[in-house]
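Counting starts at 1 for both ligands and their atoms, in listed order. Both backbone and side-chain heavy atoms feed into the values below; hydrogens, waters and symmetry mates do not.
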Amino acid sequence: MRLLLAEDDAALSGRLRTELEQAGFAVDVAAEGVDAEFMGESEPYAAVVLDLGLPGRSGLEVLRRWRAAGNPVPVLILTARDAWHEKVDGFKAGADDYLGKPFHVAELLARLQALLRRGIARPHGPLRVAGLELDEDTQAARVLATDETFDLTGTEFRLLRYFMRHPGRVLSKSRLAGQVYDFDAERDSNVLEVYINRLRRKLGRELIVTRRGQGYIFGAGDA
Ligand code: CA
C-alpha cells in the first residue's frame, strides 16, 4: 500500500520513511504544503500522514482543500505536543486521527493500521458528477442519461477522476498534465489534449470545455 508522508522535518521524515517501508508500505514524501496537496490529489494513496506545521501551505489548509474537493483519503495528522486546539481544528478540517509530537513509531504504525482497516470497511460508492458515474474499482465510466458504460485506460481514468473531483473549476494544463504523466516525465501539453479529446469522444464533447490560455473546465453546465 502506498502512503504519502507530508513532513518538513527531514530527520523525522527520514526515520519515519524507513520504519514505514520496513512495515511494508511504499512511501512518497512531501516536505512542503503545496507539493503535498498536489501529490494527495494526484495519487490514490491508501492514507496520508500529515504534519500540520508545513511550510508553503499549512497541513490544515491542505486537508481542507482535499476535503472540499471530495478527496476521502484517510488522514492522520501530526500535531505539536499539547496543542489541543490543533487537534480540534484538524478534526473539523476532516482528519481521521491524530498523533501529538513526539510519538513512538510503533503507535503511528498501530494507528495507521487501524485507519486502513476502517478505510477498507468504509463503503465508498461511485463518484457521481455532471451526469456521469465513475466506478473506481472497475475504472469504468457510465453516462447516466443513456446508461452506456465505457471502459477507460489507466490514464483516462486518472484524468477523469481528477476532473470529477474538481467540477466547475478552471484547471490549468500543467495541473492536469500531472494526472497524465509520471512525476518526472517530460510534460507535453499536446499529449494532454489527446487524452482530453479521447474522453470527449467517449463521454460527450460538452463535458470538458476549453478555456483558451487558462485550461479546461469539467461539468461547468450542470455540476
Ligand atoms: Ca513541521
Side-chain angles (χ1 to χ4, degrees), residues 1-120 122 158 161-162 165-166 169 171-172 174-179 181-184 187:
M1 271 193 243
R2 196 157 169 202
L3 297 181
L4 174 61
L5 171 60
E7 169 60 68
D8 61 310
D9 178 334
L12 177 60
S13 87
R15 194 164 58 88
L16 288 180
R17 179 186 204 151
T18 305
E19 301 255 12
L20 289 166
E21 285 175 348
Q22 278 168 5
F25 294 106
V27 182
D28 291 340
V29 175
E32 198 271 338
V34 177
D35 291 343
E37 185 194 345
F38 179 77
M39 291 167 78
E41 281 181 347
S42 312
E43 293 295 321
Y45 292 108
V48 179
V49 177
L50 180 65
D51 177 33
L52 292 188
L54 288 176
R57 181 166 291 156
S58 78
L60 207 58
E61 186 57 28
V62 170
L63 180 56
R64 281 198 192 108
R65 284 164 176 249
W66 283 339
R67 296 309 191 226
N71 184 347
V73 63
V75 174
L76 184 151
I77 54 173
L78 302 178
T79 65
R81 186 160 56 130
D82 298 333
W84 63 268
H85 54 92
E86 283 195 3
K87 294 168 201 164
V88 174
D89 290 345
F91 281 119
K92 280 186 181 165
D96 298 280
D97 201 358
Y98 78 93
L99 260 181
K101 291 181 181 179
F103 52 85
H104 291 284
V105 176
E107 184 175 359
L108 175 65
L109 285 172
R111 286 184 176 274
L112 271 178
Q113 302 289 5
L115 204 57
L116 291 168
R117 278 197 303 275
R118 290 208 297 274
I120 289 160
R122 184 189 301 163
R158 288 202 302 278
R161 183 180 56 189
Y162 192 80
R165 283 179 176 173
H166 303 85
R169 269 164 64 177
L171 301 171
S172 70
S174 61
R175 197 159 182 173
L176 291 165
Q179 308 305 308
Y181 308 105
D182 292 332
F183 280 113
D184 358 335
R187 291 177 183 185

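Among the backbone and side-chain atoms of Asp9, none of the N, O or S atoms lies under 3.0 Å from the Ca ion (ligand 1). Put simply, Asp8 gets within reach of the Ca ion (ligand 1), with an N, O or S atom under 3.0 Å from it. With a cut-off of 3.0 Å, the Ca ion (ligand 1) has no N, O or S atom of Leu78 in range.
Residues Glu41 and Arg65 are not paired through a salt bridge, judged by the lack of any N-O separation under 4.0 Å between the basic side chain and the carboxylate.
Side-chain N/O atoms of Tyr162 and Arg175 include a donor and acceptor closer than 3.5 Å.
Sorting the N, O or S atoms of Asp51 by how far they are from the Ca ion (ligand 1) puts OD2 first.
Side-chain atoms of Ser58 never come within 3.5 Å of backbone atoms of Leu54 as a donor-acceptor pair (strictly under, hydrogens ignored).
Side-chain atoms of Leu16 and Leu108, non-hydrogen and from C-beta on, do get closer than 4.5 Å to each other.
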